[in-house]
Structures are given as C-alpha cells and as structure tokens.
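Scroll down for the structure; my scribbles are underneath it.
Residue numbering restarts at 1 for every chain, and letters A, B, ... go by the order of the sequence lines. Since the model is a prediction, treat every value here as computed from it, not as a measurement.
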Amino acid sequence: MRQKEHPIALVDCNNFYASCERVFNTKLRNVPIVVLSNNDGMIIARSNEAKALGIKMGEPLFKVKDIVKKYGVQVYSSNYVLYGDMSSRVMNCISQFSPDIEIYSIDEAFLNLKGFENRNLEQYGAELRATVRQWVGLPVSIGIAKTKTLAKLANHIAKKDPKFNGVLNIYYEDDIDEFLKRVEVSDVWGIGRQYTKLLNNHNIRSAYDFIQLGDNWIKKKMTIMGLRTAMELRGIPCISLESVPAPKKAIVSSRSFSKLSSNKQDIKEAVAFFVSIAAQKLRKQRSNAGILTVFLRTNPFKDSPQYHNGVLMQFPLPTDSTSEMISYAMKGIEQIFREGYQYQKVGVMLAGIIPRNRNQYILFDRPDREQMDKISDIMDKINKEMGAWTISYAAAGTKRDWMTRADLKSPRYTTNWNELLKV
DNA sequence: TCTGGGGTCCTAGGACCC
DNA sequence: TCTGGGGTCCTAGGACCC
C-alpha cells in the first residue's frame, strides 16, 4: 500500500522583484511598478497595480512607453544583489517553520510538513505569512496540499482570491474538484504554451478537464512528464522534495551587449569575462568541467544580416581553471568569429561536469596543474573578501563598455554600506 | 532607438558495435 | 541481386520552469 501523503506547502513571494523595490521606498506603496530584464529590455516583474494596467510579462519596455507615461509607472532595472539578499532573508525566516525545505527558486520554497498533520495547517500558514511580512517586509502566498503540483495550484488560487487571505490549504479536502475546476490548464505547473494549445484544441480548459483524460493519451502526447503532472493533480505524489540542491550539470554565462558590436577584441573580452564567471560558479560547487562551448549571435529582431554559431571544445582533462578555459575559449572565438556582422550576444557554457578531485590526475597531467589550482583559489578568495572583480584576468578587459545597461537601478540597500537607506 | 538569463528533463534518430 | 536484431552512447531539438 502507498504511504500516506504528507502535507507539502509552497511559499511564494508575491511579485517578488517589484515587492523588493517597495520594501525600501515608501513612496512606492499602491503605485504601479515594473522591473526590467538585463539590459533594460523587457518587463520581468510587475506589481498588482501594473498588472491591472494591462502590462504583460515579457513585454518589451518600448511597447508600453505610453502606459508608463500616462499612469506614472515606476520603472526599475533589475537589482540582483538586492533580490538575492532579500531572498535569503525570506528563506531563513521560512526555515524556522519546517526543518525540511527545498528552495525552489529565488522567490519560492517547498516545505515538507510531515508530522504537522494534526496541527491547524491554515493557522500555521497564516503565522508563517505574518512572520515573513514582519521580519522581511514582503508579502507571500501559501498553498498546502498532498503534492507539489497541488500545492502550486492552491498557492495560485490563494494569490488570486482575496477571500483566502493568502493561504489556501486543500490537504484535508476529500473532494478538490471545485478547486481543480477554477484553475485554467495553462496555469498548472508543468503545462506551458505548447501543451496549452494542444489541450485547448481538444477542448480541455481547466485542471479538472485535464485529469479526466486517459493516461495513454497524456503520455503519448505529453511524454512521461505530462503524465506525472496529471498524477500529481490526482493527489498522487510523483515529484519529491529535494532539500539538498543537486550540483549543476551545465553552467551558462552570457549576456546581451549594451550596444551591438562587430569588434573582435570586444567579443574576446566579453567571452573571457563570461568564462571567469562560469568557472567561479564551477569551483564554488567543487566540480570540474570537461566541455566548453562558446557561442555568439547577431540580433534576431533586426533585419540586418544574421549569423549565429557555436563551437564545442573538449579539455584534455576536466578542469576548473579559469586561465585554461580562457585559452580554449579564445581559440573557439577564432574559429567562429566572422567579420562584418553586428553581434548582439556572446556566451559560454560549461558541460561534462563531474565532481572535483584535483589530485587524481596530477601524475598524468601537465605539471603546472597544481600551480593553476593555487592561482584560482587565491583569486577567488581575494574577490570574495574585497569585492567581485578586484582581481581578474587581463583577457577579460577592464573597460567593458559592452557591458549590460542598467540605468534605472535602485541602490543595494541591504548589502552595500554606501547605499544604506538614509532615515 | 529599445525584445533576459539560467536552468531541467525527455525523446528521436544517428553512429557504432557485436 | 539477397541485406537481422539488439544493444549503447551521444546529440539536437523541443518542451518546461523561474
């Protein structure tokens, strides 16, 4: 017999980036706010007031300029240092409520509430919500159910319907059909644009409609992933809680230029810069990478000549050395760079990632391997203590005028002494 | 003028092997 | 003038997530 399902909670910050901006600026109460992607290109977060004005997620800023002007929408560049710090405050706070927590994204966490079955779960959720509000200043919504997908669904309803005061528990309900009927299939976790189109074509509109479909049909059209989603909606857990984050299998670092460039030197600097970031992440999780991919592309939204290309290179032995990676990346750029194009974006990806065991290969490898390890360690330490990019490879440049634009950034209120909130 | 960045998993199909 | 069957590994592409 199946083990009895225990309650799972999903805690999710409302309009996270927009709410973070609001915490430190009282003038932003009840005002429409949007937060922009890197390069200030498109809208990636909106306060409720901005949503009400019809501003859509992912819309380019220039398309809503009129609305912004007319209604005095407050516009911010994204400030990841601030959001990252606010996120860890929220997570610390949530952790007080359950020892078993999976941090799912910057603004969401699943909690295992095993052993809490006999408590009043609504009240527990309400307490959690009030505590985050008080300690960190951010509004959160909470859904509690038997599976992750149902917790997501409950959370979604809690966020939309003010009647629930931000907390909806459907764990005890024997009959959750009413809840499944009020959620559109496109709002189900795991069902995106393509599957929504497919399902709508078959006249499936709600989460409830979806789970009436036969397993074979679902599996055939939506792979095992779709079937898993259906099972979860039927209250059968298929997706477990991962309290220890798995090491990354791929590490990507890339960014759009502030303006297009056809200059090979710029491109090379940018690539070296991205390699440095990726390699640091790799060392942080104590892994080595066997494969480096370098890619570049022109702006696909422009009419100008298009070119995009990438090259995959294998290291003789898996490595975590920035300098070794840079030298390969430079060779890669030489291979794929073409004169005469306006490049918009370059980047690198590390793959073939395995746990690090630095000493393992020394016998078979270049004698300078140990030296490289020492250099990496020292550089990481200096940058950690004295600030990012205190020390870096010359190849990564110093001017970096190709760097991303962020003209509308709020101060780093919580992490930088010079930008503390003045009272 | 102006459209992000960083991940995951699954499947089909090709290369290759015996 | 006929052309198996079964297995593994890898990659590209497509779907999804935030």
Could you check which of dG7(B), dC16(C), dC18(C) has an atom nearest any side-chain atom of Glu108(A)?
dC18(C)
Between C1' of dT8(B) and CG of Leu350(A), the distance in whole Å:
17 Å
Spacing between Phe295(A) atom CZ and dG5(B) atom C1', to the nearest angstrom:
10 Å
DNA chain B: 5'-proximal contact among Ala250(A) and Leu260(A) (nearest heavy atom)
Leu260(A)
How long is the line joining CD1 of Ile239(A) and P of dC9(B), in whole Å?
12 Å
Is there a stack between Phe301(A) and dT3(B), judged by ring centres under 5.5 Å and planes under 30°?
yes
Would you tell me if any nitrogen or oxygen in the side chain of Lys259(A) comes within less than 4.0 Å of OP1 or OP2 on dC2(B)?
no
Over all strands shown, is Val188(A) touching base, sugar-phosphate only, or nothing at heavy-atom distances under 4.0 angstrom?
sugar-phosphate
Whole-Å distance between dT3(B) P and Gln344(A) CD?
6 Å
Among the nucleotides dC2(B), dC16(C), dG6(B), whichever has the atom closest to the side chain of Lys302(A) is dC2(B)
Does the side chain of Lys152(A) get closer than 4.0 angstrom to OP1 or OP2 of dC18(C) through an N or O atom?
yes
Give the rounded distance in Å between these two atoms: CZ of Arg46(A) and P of dC18(C).
13 Å
Candidates dC17(C), dT3(B), dG4(B) - which lies nearest the side chain of Trp189(A):
dC17(C)
How many Å lie between CZ on Arg193(A) and P on dC18(C), as a whole number?
14 Å
How long is the line joining CG of Asp107(A) and C1' of dC17(C), in whole Å?
12 Å
Side chains of Ser256(A) and Asn39(A), donor plus acceptor under 3.5 Å:
no
Is it the case that over 12 heavy atoms from other parts of the model lie below 6.0 angstrom from the CD atom of Gln212(A)?
yes
How is Ile106(A) classified with respect to the nucleic acid when contacts are heavy atoms under 4.0 Å: base, sugar-phosphate, or nothing?
nothing
Nearest to side-chain heavy atoms of Met42(A), which nucleotide of dG4(B), dT3(B), dT11(B)
dG4(B)
Identify which nucleotide among dC9(B), dG6(B), dG5(B) has an atom closest to any side-chain atom of Met225(A), counting heavy atoms from C-beta outward.
dC9(B)
Give a yes/no on whether any side-chain N or O of Lys281(A) is located under 4.0 angstrom from OP1 or OP2 of dG7(B).
yes
Using distance alone, with no hydrogens and no angle criterion, decide if Arg283(A) and Thr322(A) have a side-chain donor and acceptor under 3.5 Å apart.
yes
Ignoring the backbone of Tyr104(A), work out which of dG5(B), dC10(B), dC17(C) is nearest its side chain.
dC17(C)
Classify Leu36(A) by what it touches in the nucleic acid, base, sugar-phosphate, or nothing, heavy-atom distance under 4.0 Å.
nothing
Candidates dG7(B), dA15(C), dG5(B) - which lies nearest the side chain of Tyr195(A):
dA15(C)
Using the P atom on both, measure dC18(C) against dC2(B) and round to a whole Å.
30 Å
Side chains of Ser105(A) and Asp107(A), donor plus acceptor under 3.5 Å:
yes
Is the phosphate of dC9(B) approached by Arg228(A) (side-chain N or O, under 4.0 Å from OP1 or OP2)?
no
Between dT8(B), dG7(B), dT3(B), which one does the side chain of Phe62(A) approach most closely?
dT3(B)
Kindly say if Ser254(A) contacts the phosphate of dG4(B), meaning a side-chain N or O under 4.0 Å from OP1 or OP2.
no
Would you say a side-chain N or O of Ser78(A) is under 4.0 Å from OP1 or OP2 of dG4(B)?
no
Check every strand shown and say whether Arg405(A) touches a base, only sugar-phosphate, or nothing at a heavy-atom separation below 4.0 Å.
nothing
Looking just at side-chain N and O atoms, do Thr147(A) and Thr149(A) make a donor-acceptor pair shorter than 3.5 Å?
no
Quick one: is dG5(B) close enough that its OP1 or OP2 comes under 4.0 Å of any side-chain N or O from Lys345(A)?
yes
Which of these nucleotides, dG4(B), dG7(B), dG6(B), is closest to any side-chain atom of Lys248(A)?
dG7(B)
Does the side chain of Gln342(A) come under 3.5 Å of the side chain of Ser304(A) through a donor N or O and an acceptor N or O?
no
Asp40(A) versus Ser77(A), side-chain donor and acceptor atoms under 3.5 Å:
yes
Applying a 4.0 Å non-hydrogen cut-off, can you work out what Leu61(A) is touching in the nucleic acid: base, sugar-phosphate, or nothing?
nothing
Which one is paired to dC18(B), where only Watson-Crick or G-U wobble pairs with both distances under 3.5 angstrom count?
dG5(C)
The side chain of Arg255(A) lies closest to which of these nucleotides: dG6(B), dC10(B), dT8(B)?
dG6(B)
For atom CZ of Phe274(A) and atom P of dG5(B), their distance in whole Å
8 Å
Is Asn200(A) reaching over with its side chain to a backbone N or O of Ile204(A), donor-acceptor style, under 3.5 angstrom?
yes
